[in-house]
Every structure is written in C-alpha cells, then in structure tokens.
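Below you'll find the structure, written out as structure tokens, and then a few comments.
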Amino acid sequence: MSSEETTGNKKGTEVRVEPLTEYTPKEEGAFIESLRKNQNKDSSKELYEIYQDLTVIDIHNHDAPNPGAIGKWGQYGIDRLVLFGSISEPSAQYTDKLAWDQYRQAPANVYPSFAGFPIYEEEGVSIVKQNLEQGYLNIGEVAAASTYSQTVSRVAWKAEHPNDGNFPKIYDLAARYQVPILLHIDPPNGEPITRLEEALDQHPDTAIIFGHANAYNPPENIEPLLNKYPNLYIDFFAGFTAYNPESTNKLVDFVPLMEKYPDRFMLSTDAGFGLTTEQAAKALYETIDLLSPETALKVAYQNYEGLIERQPPTETQIQTIKTLSAKAGRFETYRLNKRMANELIFELTKLTESAP
C-alpha cells in the first residue's frame, strides 16, 4: 500500500489520500479515579452504571445476526462490539455480511470481523484478502483447534492446530494489513499451544489474539506465552471466570498477570456463551474495577483501539475514495486510517447516491 495516492493533475481537481497510522491513547487515569470516588458515594449503583462514561470494547461478540445487538449490549455501557456470527463454516459467510451491514448502519459502535473462509482451500486465502481490502477490521473468530467444544469441534472448516493449512498465508496477510486475528483454541494446552507458539514465532508481525484464553485455563499457563511472544494478545472472557461454575479461578486471580502485561489484555463477552447477557456484561466491569486506573483503561478499550487505529487504508479503499470524492466534487486531501476510510466511503456513497 503506497504512502500517498492522488487523482487529477490540476490544482482544484485533485484527491489525495495520506495514511494516518499513529495512535496516542488518552491520559484518563484521573477520570477512572473520579468514577471510583462516585462509586464510594453511591454504592447502590451497578458497576456498569458507575463506569457508564468509560469507553468499553467487547472484542469478541457473536451477535451479528441480531439487529438489536448494539442496544442489547449498549444498555450495559458497552460502546463498541467486534461483531461476527458463525465461525469457520459456510454459514459464517452470511453472518459476516450481517456484521458489515450493522457496521454501515452504526460505524461508531461496530468493528466488523469475519470468519467465513476455509482453512485448507486456496479459496480461503482469497476470501481473507478480499475482505481485508474491502475494509473489515478484524479476522475471526477462527477455529484453530477444537476437541472439547460441542459446537466448535464440529464446524466444517475447523483446523487441526493454529499453524495448519493456510494459516501461515493468512497470518502473513494479517501482518500486511496490520489486522488482528482472533483464534479459538481448545484445549488450551498440549499440541494446540505448541503449534500456537510455532505460529507466533514464525509470524512476529502478526497480532494474534488467543480467544477466551482464561476459559479452563489458569493464569500460570498464560504467563509463559506472554513473556515469550510480544505479538500475543489475550481475549479475557470475564464472564466465564466470574460466573461459570466450571471455572476453577476467580477474577482476582488474573489481576497480577494483567498488571504485569497491561498492554496485552482485552475484554469480551463471547456474546454471553453459557451465561445471561447481564452476567457476561457485568463481569467486564467487575474486572475493570479490580485493576489500577492505567491498566483498566488499556484493558477496557485502549489496547484493542490501538490495533484498529494503526491500520492503514487499503488500495481498494483509496481507489474508492478517489472515485467517489471526485464524483462528489470534493477535491481535497484526506489523512486517514482504515477505519476512517470506511466511514468516509459510507459518507461519500450516500452523498453521490443522493445527488441529482
């Protein structure tokens, strides 16, 4: 992807697109502290009410088929959803489109993800590249290994391990487009983790998110991976640890690890898998409330937001912007990232479609 693209060659008839890939998180430690002071003053409020002004991103949400997903989770103060539906099976290609449709309607609340591609056929690599070029901001959840999950172990496009089939090519694409990839891995030990380490080592520029890494997995199993691989991120399914009776850990057990690796943890509801919506949502805030202000901010939204905001616009986006902007008579310079490019394309599309 080039650093600059233009159309037109005369002053006043030129559209320029310059990549913007820097991300500087806000300094909001004092803000967190002020929210907590309010909590002490009014202990009758739920944590999601106390933290309602804090940005929270759910980085793993399967509710793309639900047209009310934004409101469903938003009532608990969750601002943005990394949205998809089915995973690693043909039906996911349909729910991937639903995620994109919800994104078009509410780009401030959705990060579209996709999971509808086969791992072993070359067609899968083409689908990944096409979707990334289009503007999808996340890959996954992908079934990288599953033995025990009653649902995931049966999906048609499940891989045997996280470095199987065309995974190496997909990781290369993820690195090229600077897009994270979310993996389902069960069991979270043994051969699947050995192969995950292999993938992390071979693809150091790929941001790999270990999906619901805390499910059936104690913090002492996660720490060696974080220590060794700086490109590994942890999707913390807080609801599992807080409310699933099969969990052998408590939220507080993971706090030291989060404080030691504050840049590597993110929160998710897994769309409430095995839980009520309220339990899955409340657990996010119970986790946030246990963390230092600086770590709470990173885990609540800044770690994932950084992965989004550093993505450059794609060649497809650049060409689309050039065409639509010129058609709309807007000859100017745009400095934007991939997310911003999507939103500009949505705006320009509406503008040109409504033009006489």
Side-chain angles (χ1 to χ4, degrees), residues 1 3 18-32 51 53-61 77-84 103 107-114 132 135-141 171 173-183 200 203-211 213 222 225-227 229-238 257-269 284 287-288 291-314 317 335-344:
M1 284 162 279
S3 61
E18 299 175 355
L20 173 66
T21 57
E22 299 88 12
Y23 174 69
T24 304
K26 296 178 182 178
E27 297 288 342
E28 294 185 307
F31 169 62
I32 293 285
Y51 287 102
D53 292 329
L54 171 68
T55 299
V56 175
I57 299 174
D58 175 0
I59 72 124
H60 180 160
N61 192 295
I78 299 173
D79 301 277
R80 306 174 202 160
L81 309 175
V82 178
L83 198 61
F84 51 97
Y103 178 48
N109 303 107
V110 174
Y111 295 126
S113 191
F114 67 96
L132 293 178
Y136 279 86
L137 298 168
N138 192 88
I139 304 172
E141 178 183 12
Y171 293 142
L173 283 171
R176 175 184 168 189
Y177 287 89
Q178 298 180 39
V179 171
I181 178 168
L182 171 66
L183 303 181
L200 288 162
H203 302 274
D205 297 325
T206 303
I208 297 178
I209 304 174
F210 187 167
I222 299 172
L225 296 173
L226 290 171
N227 182 55
Y229 302 104
N231 55 325
L232 177 68
Y233 295 84
I234 301 301
D235 159 16
F236 190 74
F237 177 19
L257 192 59
M258 291 185 178
E259 294 291 353
K260 186 174 181 180
Y261 298 95
D263 299 324
R264 313 278 285 287
F265 278 83
M266 306 157 180
L267 296 173
S268 82
T269 65
L284 305 188
T287 304
I288 289 167
L291 301 172
S292 66
E294 293 75 19
T295 300
L297 287 166
K298 291 180 178 182
V299 173
Y301 79 97
Q302 291 177 350
N303 289 340
Y304 191 81
E305 187 176 73
L307 292 178
I308 295 296
E309 297 302 300
R310 286 188 285 265
Q311 295 180 32
T314 70
Q317 288 178 312
R335 192 163 184 260
L336 35 71
N337 58 28
K338 187 177 187 179
R339 173 193 61 78
M340 296 162 69
N342 280 333
E343 293 179 20
L344 178 59

Any donor-acceptor N or O pair under 3.5 Å, side chains Asn138, Tyr304: yes
Under 3.5 Å: donor-acceptor pair, side chain of Arg264, backbone of Leu226: yes
From Glu305 atom CD to Thr55 atom OG1, the distance as rounded to the nearest 0.5 Å: 7.0 Å
Asn227 side chain reached by Tyr261 side chain, heavy atoms, under 4.5 Å: yes
Heavy-atom closest contact (Ala238 atom, Thr287 atom, distance): CB-OG1, 3.3 Å
Leu81 CG to Asn109 CG distance, which is reported to the nearest 0.5 Å: 7.5 Å
Closest approach of Leu307 to Ala207 (non-hydrogen atoms, all atoms of both residues): CD2-CB, 4.2 Å
Considering all heavy atoms, the nearest Ile234-Ala213 contact: CG2-CB, 3.8 Å
Nearest heavy-atom neighbours spanning Pro180 and Ile209: CB-CD1, 3.8 Å
Under 3.5 Å: donor-acceptor pair, side chain of Asp235, backbone of Ile59: no
Considering all heavy atoms, the nearest Val299-Pro262 contact: CG2-O, 4.3 Å
Asn342 side chain to Tyr103 side chain, donor-acceptor N/O pair below 3.5 angstrom: yes
Distance (rounded to the nearest 0.5 Å) between Tyr301 OH and Leu267 CG: 13.5 Å
Ionic contact status for Glu22 with Arg335, cut-off 4.0 Å: yes
Within-4.5 Å side-chain heavy-atom neighbours: Tyr23 and Pro25: yes
Rounded distance (nearest 0.5 Å) linking atom CZ of Phe114 with atom CG of Leu132: 4.0 Å
Heavy-atom pair with the smallest gap, counting every atom of Pro293 and Gly29: CB-O, 3.7 Å
Leu297 CG to Ile288 CD1 distance, which is reported to the nearest 0.5 Å: 9.0 Å
Inter-residue atom distance Phe210.CZ - Ile208.CD1, 0.5 Å rounding: 11.5 Å
Whether Glu259 side chain and Thr295 backbone form a donor-acceptor pair below 3.5 Å: no
His60 and Phe84 aromatic ring geometry - parallel, tilted or perpendicular at 30°/60° bounds: tilted
Residues Asp58 and Thr269: side-chain donor-acceptor under 3.5 angstrom: yes
Check: Pro312 main-chain N/O paired with Asn337 side-chain donor or acceptor under 3.5 Å: no
Donor-acceptor contact present, side-chain Gln311 to main-chain Leu137, <3.5 Å: yes
Backbone N/O of Arg310 and side chain of Lys338: donor-acceptor pair under 3.5 Å: no
Lys/Arg-Asp/Glu bridge criterion (N-O < 4.0 Å) met for Lys298, Glu294: no
Min side-chain heavy-atom separation Phe31-Leu54 under 4.5 Å: yes
